[in-house]
Amino acid sequence: MRYWLMKTEPGVYGIDDLERDGVSPWEGVRNYQARNLLRDEIAEGDEVLIYHSNVQPPAVVGIGRVIRAGYPDVCAWEPGHKYYDRRSTPENPVWYRVDVAFVERLARPVTLPQMKADPALAGMMVIRKGARLSVQPVAEDHFQHIRRLGSEG
DNA sequence: GCCAACGTTGGC
DNA sequence: GCCAACGTTGGC
């Protein structure tokens, strides 16, 4: 089992939406490095830190679980769709997505400043300046540490 | 709103 | 294949 962090803007699709929906395709990722993770690395059963970006403060706000491994992002095939990309076809998909299920909301969001200040999280990708990758691998001990921080009062 | 850090595009 | 110009992400 592996662990990941997925960024999302709460104004677009946040933890509230995932809780309401129960399950959601993680669609619209249009970066090749992230695509490769979605297509090749992320497996059913893997756990995910749900991270809100572009808000103050940025924070891990919940936990999700991958319930379907990488499959083509069909949004890319629909002309007029926000995530349409004519280069991607059913015969040769360019973009991929996974399905993520809501697991829990952290009682306390773990904020980016908090993560940066925590020696136990040293080296984590998300705290690196300029780390724009929207799907990131997370070390197991980092994942568990954040989960623990988020469940404390 | 600013801008650093990337990623992508396209001329050559 | 290089690299300048441009676009985007996302913290601040």
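Keep in mind that the numbers below use all heavy atoms, side chains included, and drop hydrogens, waters and symmetry copies. This one's a predicted model, so the numbers in the text were calculated from it and none came from an experiment. First the proteins, then the strands, lettered A, B, ... as listed; each starts at 1.
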- Go through the structure and list residues passing salt bridge (charged side-chain N to carboxylate O under 4.0 Å, His left out) with Arg30(A), not counting sequence neighbours. Asp73(A)
- Message: The criterion is ring pair (Phe, Tyr, Trp, His ring centres under 6.0 Å); which residues satisfy it with Tyr3(A), sequence neighbours excluded?
- Response: Phe143(A)
- Message: Apply side chain to side chain contact (heavy atoms under 4.5 Å, CB included) to residues Glu27(A) and Val29(A) and explain how you reach the verdict.
- Response: CA-CA 6 Å; Glu27(A) 66 192 18; Val29(A) 175; over 6 Å; no
- Message: Take a 6.0 Å sphere around CZ of Arg86(A) and say whether it holds more than 12 heavy atoms from other residues, nucleotides or ligands.
- Response: no
- Axis-to-axis angle between the two ends of the helix from dG1(B)-dC12(C) to dC12(B)-dG1(C) (five base pairs per end, rounded to 10 degrees): 10°
- Message: Taking Met115(A) as the starting point, is it possible to reach Val138(A) by hopping between hydrophobic residues whose side chains are less than 4.5 Å apart?
- Response: yes
- Message: Does the protein touch nucleotides 5-12 of chain C at the base, only the backbone, or not at all? Give it as B, S and - per nucleotide, heavy atoms under 4.0 Å.
- Response: --BBBBSS
Output a table of donor-acceptor pairs, distance under 3.5 Å, between side-chain atoms of residues 45-65 of chain A and any protein atom two or more places apart or on a different chain; print 'none' if there are none.
residue  : atom : partner  : partner atom : Å
Asp46(A) : OD1  : Arg2(A)  : N            : 3.0
Asp46(A) : OD2  : Trp4(A)  : NE1          : 2.9
Asp46(A) : OD2  : Ala43(A) : N            : 2.9
Glu47(A) : OE2  : Arg65(A) : NH2          : 3.1
His52(A) : NE2  : Ile15(A) : N            : 3.0
Asn54(A) : ND2  : Glu9(A)  : OE2          : 3.3

Review item, side-chain donor-acceptor pairs of residues 122-134 of chain A, under 3.5 Å, at least two apart:
none

